[in-house]
Amino acid sequence: MTVHHALEIVLTRPATAAELRRAARDWPLAANHESSRLMAVAGGKTPERAAHRLRQRLNGRLPIDVITTHYPDAYGHVLLNIGFPPATYTALEQDARHAGQSPERYIHAAIHRALAEHTAQETDRLNRAVRQLLAHTNPAHLIAAVGRTLAQHPESPKP
């Protein structure tokens with residue numbers, strides 16, 4: 001049974017109108033206002049197969065950087081389908097083999113390490129900012145100001 005998967009295509013640069021027209025002949029696509037991100041629905045037994053099939057069909061027609069599943073799976077994970085140049089993939093295979101892992105597992109671990117490092121840096125930055133603010137006001141005033149600000153601007157920050 002084929003399942004359909006919502007996939008997002010992130011481009012290395014905005015696609016031209018001609019590139020979008022050519023690609024849309026092969027696969028129905030929806031573009032954002034900048035034509036730098038596209039949405040597609042692809043059939044496949046797994047999200048991995050659907051993303052692979054989409055990349056195979058559109059590769060060379062669009063400057064594809066990454067294809068991701070648009071919706072997280074039951075574990076909150078999003079698939080990343082990255083097309084590496086041959087030399088990069090060969091180096092990745094060697095590093096993964098040296099670490100005793102598959103290339104996919106090796107990249108998975110590297111991404112998790114990078115995200116953990118980013119989270120730690122962001123936490124440290126916020127802690128320093130709060131300590132600096134507390135040096136000039138009392139905690140009750142700071143919490144009230146944060147509450148007012150969040151009430152006025154409830155949208156999430158854009159990474």
For residues 77-89, which side-chain N or O atoms pair as donor and acceptor with protein atoms under 3.5 Å away, sequence neighbours left out?
unit_1, atom_1, unit_2, atom_2, d
N81, OD1, R55, NE, 2.4
N81, OD1, R55, NH2, 3.1

Please check this pair: side chain of N138 against backbone of L142, looking for a donor-acceptor N/O pair closer than 3.5 Å. no

Please name all residues satisfying salt bridge (Lys or Arg N to Asp or Glu O under 4.0 Å) with R61, sequence neighbours left out, ordered by chain then number. D26

Is there a path of hydrophobic side-chain contacts, each under 4.5 Å between heavy atoms of I, L, V, M, F, W or Y residues, that connects L150 with V130? yes

Shortest non-hydrogen separation from E34 to P14 and the atoms involved: O-CB, 3.2 Å

Table please: side-chain donor-acceptor pairs of residues 109-119 below 3.5 Å, with sequence neighbours left out.
unit_1, atom_1, unit_2, atom_2, d
H112, NE2, H108, NE2, 3.2
E117, OE2, Q121, NE2, 2.8
T119, OG1, L115, O, 2.9

How many angstroms lie between atom CG of D95 and atom OH of Y106, to the nearest 0.5 angstrom? 4.0 Å

If the condition is salt bridge (Lys or Arg N to Asp or Glu O under 4.0 Å), which residues does E122 pass it with, not counting sequence neighbours? R125

When rounded to the nearest 0.5 angstrom, what is the spacing between CZ in R97 and OG in S102? 12.0 Å

In the structure I gave you, are the side-chain heavy atoms of P63 and E19 within less than 4.5 Å of one another anywhere? yes

Linking directly or through intermediates, with side-chain heavy atoms under 4.5 Å: list the remaining ILVMFWY members grouped with W27, chain and number order. L7, I9, L11, L20, L29, L38, L54, L58, L62, I64, I67

Non-hydrogen atoms of P103 and E93 that approach each other most closely: CG-CG, 3.9 Å

Pairs touching residues 37-53 that satisfy side chain to side chain donor-acceptor pair (under 3.5 Å), sequence neighbours left out: E8-R37, T46-E48

Within a reach of under 6.0 Å around CZ of R105, are more than 12 heavy atoms found that belong to other residues, nucleotides or ligands? no

Q101 side, atom CD; H98 side, atom NE2 - distance, nearest 0.5 Å: 12.0 Å

Rounded to the nearest 0.5 Å, how far apart are CZ of R131 and CG of L133? 11.5 Å

Is there side-chain contact between L134 and P139, with heavy atoms separated by less than 4.5 Å? yes

